[in-house]
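Structure first, commentary second.
Scope of the values below: all heavy atoms of this structure, side chains included, with no hydrogens, waters or symmetry mates.
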Amino acid sequence: MCSHSHEHHCCGHTHAQNHILHGKNNILSIYKAEILSALLLVVTLIIEHCGVLRRISEAAGCAVSIPEIILYAVALIPVGLPILRESWEMWRKGRFMNEFTLMVAAAVGAFIIGEYPEGVAVLLFYSFGEKMEDTASDDVRQRIRALLGRLPEEATVRLDGKLKKASPKNLQPGSVLFVRPGERVAIDSILLGEKDVEFDTSAITGESVPRSFRPGEEISSGMIPVDQAVDVRTLRSFSDSSMSRIMKMIEEAQASKSPTENLLRRITRWYTPVVFTLALLLFFTPWLIDAVLGNPFEWMKWLRRSLVFLVCSCPCALVVSIPLSYFASLGNASRRGILFKGSKYVDSMRDIDTVVFDKTGTLTTGKFHVSSISAADGTEPSMLLSVAASLDAESGHPLAEAILSKARAERIVTAEAENIRTVSHGITGIIGGKMAAAGSRTLMRRLGIAVPESHTDASEICVSLDNSYIGSIYLLDTIKPEAAEAIRRLHSLGVKSVEILSGDREEAVKRVARETGADSYHAALLPEDKKDIITEMTRKGNKVAFSGDGINDAPAIAAADVGIAMGTLGTDMAMESSDIVIAGDNLEKIPEAISLARKVRRVILENVTFAIGVKALVMLLGAFGIASLWAAVFADTGVTLLTIIWTLLRLRK
């Protein structure tokens with residue numbers, strides 16, 4: 001990286017950025033200086049080839065072709081002045097050793113030895129390459145914005161029975177929004193109404209297939225109702241909504257630097273002085289040798305070779321392609337619902353050898369279903385389910401919701417429960433004048449009710465009526481359909497261990513580990529236990545990624561080498577402490593993130609190998625007088641353009 005690149009972007013001109021950032025994205029506007037310079041260069045070459053300049057010089061009696069110098073200097077001005085201006089700004093700050101100095105010195109040297117076309121070409125192709133890098137980065141940025149879409153500047157609000165327009169930034173949580181088909185939901189909200197609605201979730205998850213949501217479920221900002229208008233109630237403010245946070249994460253990620261980029265920045269602090277020193281040695285060493293031996297010194301020949309070395313040595317191909325690789329990968333990952341909070345986490349993700357999952361809400365949906373009903377002798381299963389559903393009628397607990405869902409599906413008639421109380425480990429109430437209770441075995445023991453032994457990996461809800469045990473309802477947390485495939489893909493990528501850490505009962509965790517293919521598990525853990533286990537893993541030299549969604553996962557997420565939060569269901573605490581957010585809660589995004597990180601490394605190695613190889617060859621040939629200044633221009637700008645194109649092609653998907 002060139003010496004100023006940590007202030008701006010890598011080797012980029014601010015005048016090129018200004019064109020792009022103001023949206024003037026047509027070719028003539030962005031590259032007008034380069035086009036003008038190229039046209040002037042071509043015209044001058046044609047005039048020179050026709051002998052016009054030579055005849056003018058002869059007629060004027062000039063030994064040196066003044067018209068030739070003037071025309072090439074004019075061709076140099078459109079691209080030369082901005083570069084000279086950049087050089088002057090850097091020199092004023094005391095930073096003399098930068099890539100602008102390299103290019104200006106090479107152009108001046110070319111004019112000194114009479115290689116005027118090469119002098120123009122050095123700055124022309126350099127300027128074009130810099131703007132090409134700007135354009136490529138801007139293209140990635142535009143594609144991110146195009147996929148995420150712009151959040152609406154206005155929202156339709158229901159106020160006093162009327163529809164009114166308002167800025168989403170001014171709306172408070174609890175506002176009711178009316179969203180038409182094809183419009184984006186402006187703020188994270190709860191779906192109202194009585195029937196399921198399909199939403200286009202691609203802005204958040206990157207998935208093109210619409211997803212169905214039920215009334216009461218959370219709808220993230222940026223989602224679009226597909227086939228009907230909906231009412232939603234806002235959950236949080238505009239600035240705290242999913243899309244706003246995603247955009248903020250992307251901006252912060254683009255501003256951060258990876259270890260590879262920081263290494264380049266450190267290297268380039270001494271790279272330019274070393275290059276200048278070597279170029280000077282290539283010129284002065286033969287001069288000293290000839291002076292000692294008494295031979296005439298061919299200064300033109302050795303100056304040309306020094307210039308070839310100087311131009312060829314500019315590291316732009318590396319310092320453009322490497323940041324661009326990370327930038328493109330961050331953009332592509334964001335469009336797929338994988339939000340890296342910085343390019344350094346791309347580096348970290350590629351070396352992960354141990355992946356650890358929380359269970360509930362991460363490997364499982366957090367939504368339970370009734371797996372079986374075991375009624376005591378003399379009790380009908382429908383009676384058992386009716387008592388439990390009557391007690392749970394007003395409860396919002398996930399287990400209660402599963403029981404109520406089962407009762408509705410079985411068309412069970414429930415009774416009116418009175419004096420309902422939520423107690424430790426369960427719920428109690430009066431049904432038909434009789435004491436009823438539903439909860440864990442601990443609650444039954446406290447009430448003095450005997451419960452027969454059972455061994456199961458399901459969550460058990462024991463039910464009693466009139467102080468007698470009438471049976472148990474067993475519920476299982478639904479494993480995410482992609483969980484097993486995600487873990488299989490992690491193993492195929494060479495991840496040596498996939499583990500589960502959970503605060504749940506051992507039987508329940510063991511079942512999930514068995515059905516998903518995890519290598520090991522730990523159950524009945526407190527949040528600090530999870531953190532301690534992760535810390536011990538990293539202390540032993542493992543590269544650990546931990547994925548969780550709850551507030552109790554935040555310490556473990558922070559302790560891991562890479563913390564991954566499952567974004568849609570995840571808590572703010574988990575998302576804030578994480579390094580990567582999976583916006584759509586899809587576990588298959590985790591192996592996808594590892595694959596992407598490793599692909600970025602391969603692309604960087606390919607670019608570095610190609611750039612260094614070509615430069616080393618041309619520098620060696622130039623030192624022996626075989627390579628010309630044109631070859632040096634190709635080894636610099638030509639290689640830079642090729643690495644840009646290669647990076648964008650390889651990281652396009």
Test applied, side-chain contact (heavy atoms from CB on, under 4.5 Å); reference residue, K543; option that passes from T538, V355, V562, D353: D353
Candidate list L587, N586, L363, V581, test side-chain contact (heavy atoms from CB on, under 4.5 Å), partner M566, passing option: L587
For the student: nearest non-hydrogen atoms of [X] and [Y], plus distance:
{"X": "S325", "Y": "T647", "result": "OG-CG2, 3.4 Å"}
{"X": "S189", "Y": "V185", "result": "OG-CG1, 4.1 Å"}
{"X": "K359", "Y": "A508", "result": "CD-O, 4.2 Å"}
{"X": "T362", "Y": "G548", "result": "OG1-CA, 3.5 Å"}
{"X": "I338", "Y": "I582", "result": "CG2-CD1, 4.2 Å"}
{"X": "D561", "Y": "D579", "result": "O-OD2, 3.7 Å"}

[X]: which residues meet the salt bridge (charged side-chain N to carboxylate O under 4.0 Å, His left out) condition with it, sequence neighbours left out?
{"X": "E499", "answer": "none"}
{"X": "E485", "answer": "R488"}
{"X": "R601", "answer": "D351"}

What's the spacing between [X] [atom1] and [Y] [atom2] if we round to 0.5 Å?
{"X": "R489", "Y": "E588", "atom1": "CZ", "atom2": "CD", "answer": "5.5 Å"}
{"X": "L490", "Y": "S497", "atom1": "CG", "atom2": "OG", "answer": "10.5 Å"}
{"X": "L339", "Y": "I564", "atom1": "CG", "atom2": "CD1", "answer": "12.0 Å"}
{"X": "I534", "Y": "T354", "atom1": "CD1", "atom2": "OG1", "answer": "9.0 Å"}
{"X": "L475", "Y": "S371", "atom1": "CG", "atom2": "OG", "answer": "6.5 Å"}
{"X": "T535", "Y": "K531", "atom1": "OG1", "atom2": "NZ", "answer": "4.5 Å"}

Whether [X] side chain and [Y] backbone form a donor-acceptor pair below 3.5 Å:
{"X": "H369", "Y": "A402", "value": "no"}
{"X": "D477", "Y": "T364", "value": "no"}
{"X": "T478", "Y": "T365", "value": "no"}
{"X": "R598", "Y": "R350", "value": "yes"}
{"X": "T234", "Y": "Q172", "value": "yes"}
{"X": "S405", "Y": "E401", "value": "no"}
{"X": "S348", "Y": "V346", "value": "no"}
{"X": "D519", "Y": "V498", "value": "yes"}

Using a strict cut-off of less than 4.0 Å between a Lys/Arg side-chain nitrogen and an Asp/Glu carboxylate oxygen, indicate whether [X] and [Y] qualify as a salt bridge.
{"X": "E606", "Y": "R650", "result": "yes"}
{"X": "E515", "Y": "R511", "result": "yes"}
{"X": "E507", "Y": "K510", "result": "no"}
{"X": "E218", "Y": "R236", "result": "yes"}
{"X": "D358", "Y": "K530", "result": "yes"}

Test side chain to side chain contact (heavy atoms under 4.5 Å, CB included) applied to I487 and F357, step by step: CA-CA 10 Å; I487 291 176; F357 291 98; 4.1 Å; yes
Donor + acceptor pair across side chains of S220, D188 (<3.5 Å): no
Is the number of heavy atoms from other residues, nucleotides or ligands under 6.0 Å of [X] [atom1] greater than 12?
{"X": "R514", "atom1": "CZ", "answer": "yes"}
{"X": "R441", "atom1": "CZ", "answer": "yes"}
{"X": "E89", "atom1": "CD", "answer": "yes"}

Side chain to side chain contact (heavy atoms under 4.5 Å, CB included) between N607 and L642, intermediate numbers included: CA-CA 9 Å; N607 284 334; L642 289 175; over 6 Å; no
Can you find a heavy atom in the side chain of [X] that is under 4.5 Å from one in the side chain of [Y]?
{"X": "L235", "Y": "P173", "result": "no"}
{"X": "I594", "Y": "V495", "result": "yes"}
{"X": "R184", "Y": "M223", "result": "no"}
{"X": "L501", "Y": "D529", "result": "no"}
{"X": "V370", "Y": "Y474", "result": "no"}

Step-by-step side chain to side chain contact (heavy atoms under 4.5 Å, CB included) determination, I187 to K169: CA-CA 9 Å; I187 302 173; K169 296 178 182 178; over 6 Å; no
Ring centers of F213, F199 separated by less than 6.0 Å: yes
Residues F368, S459; criterion side chain to side chain contact (heavy atoms under 4.5 Å, CB included); working and verdict: CA-CA 9 Å; F368 289 80; S459 295; 4.0 Å; yes
